[in-house]
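Report on one structure; see the data block that follows.
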Amino acid sequence: MNKSFFEEVYEVVRLIPQGRVTSYGAIARYLGTGKSSRMVGWAMNSSHLAATDIPAHRVVNRQGLLTGKMHFGTGDEMKNLLEKEGIEVQGDQIIHFTNCFWDPNKELL
DNA sequence: CGATTGACGTACG
DNA sequence: TCGTACGCCAATC
């Protein structure tokens, strides 16, 4: 229970199936934080520091935009990973985003 | 210890 | 429909 906000975020992100994506807000709502979606982004920022491997490239904003691609080192890293999983990405925008969207509140809950 | 920032989202005008 | 304002919590300056 008393898991830190980051821990819960990591757990949910790890549960994201390959070829699917979710949004910061979806995770935030699943954790019950609701509007504190910023914390999800902050957790993702620290995700690369975490011992566990977090597929943060599967987490995008509500628009399906790869806002955090710059944090993967190179700007092509995140897009490459998503395309490799079968997700169509044009520039920083995920195509058919709603089709690939994975809502933890709907899938897990 | 106070102010600012941050990979967001919702509300209001 | 677009632009601005606010909230949320933690980390950093």
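Both backbone and side-chain heavy atoms feed into the values below; hydrogens, waters and symmetry mates do not.
- Following rounding to the nearest Å, I27(A) (CD1) and dG9(B) (C1') show an atom-to-atom distance of 13 Å.
- Grouping the Ile, Leu, Val, Met, Phe, Trp and Tyr side chains by contacts below 4.5 angstrom, directly or via other members, places M44(A) apart from L82(A).
- Using a 4.5 Å cut-off between side-chain heavy atoms of Ile, Leu, Val, Met, Phe, Trp and Tyr, with links allowed through other members, W102(A) and I87(A) fall into different hydrophobic clusters.
- Across the protein-nucleic acid pair, R29(A) atom CZ and dG9(B) atom C1' stand 10 Å apart, rounded to whole Å.
- Annotation: dA5(C) and dT4(B) have their P atoms spaced 16 Å apart (nearest Å).
- Closest-nucleotide positions on DNA chain C for S46(A) and K35(A) were compared, and the one nearer the 5' end corresponds to K35(A).
- Applying a 4.0 Å cut-off to non-hydrogen atoms, the residues of residues 48-85 of chain A that approach DNA chain B are A56(A), N61(A), R62(A), T67(A), G68(A), H71(A), F72(A), listed by residue number.
- Cluster membership for V60(A) and I95(A), using ILVMFWY side-chain heavy atoms within less than 4.5 angstrom, is not shared.
- Screening T22(A), I27(A), N45(A) for a side-chain contact (heavy atoms from CB on, under 4.5 Å) with V40(A), the sole residue that qualifies is I27(A).
- Comparing dG3(C) with dA7(B), their C1' atoms sit 22 Å apart, to the nearest whole Å.
- S47(A) comes within contact range of at least one nucleobase, with a heavy-atom separation under 4.0 Å.
- Atom CG of N105(A) is surrounded by more than 12 heavy atoms from other residues, nucleotides or ligands within 6.0 Å.
- Rounded to whole Å, the distance from CG on N45(A) to C1' on dT5(B) is 11 Å.
- Residue L31(A) contributes atom CG, which lies 13 Å from atom C1' of dC8(C) at whole-angstrom precision.
- Atom CE of M39(A) and atom P of dT12(C) are 12 Å apart (whole Å).
- Across dA10(C), dC8(C), dG9(B), the shortest atom-to-atom separation from the side chain of S36(A) is found for dC8(C).
- Atoms OH (Y24(A)) and P (dT10(B)) sit 14 Å apart, rounded to a whole Å.
- By the 6.0 Å and 45° rule, R62(A) stacks over the aromatic ring of F101(A).
- In this structure, D92(A) atom CG and dA7(B) atom P are separated by 14 Å, rounded to whole Å.
- M39(A) and F6(A) end up in the same hydrophobic cluster when Ile, Leu, Val, Met, Phe, Trp and Tyr side chains are linked at under 4.5 Å.
- Comparing atom distances between the S37(A) side chain and each of dA7(B), dG6(B), dG9(B) picks out dG9(B) as nearest.
- Between the CE atom of M44(A) and the C1' atom of dG9(B) there is a distance of 16 Å, given to the nearest Å.
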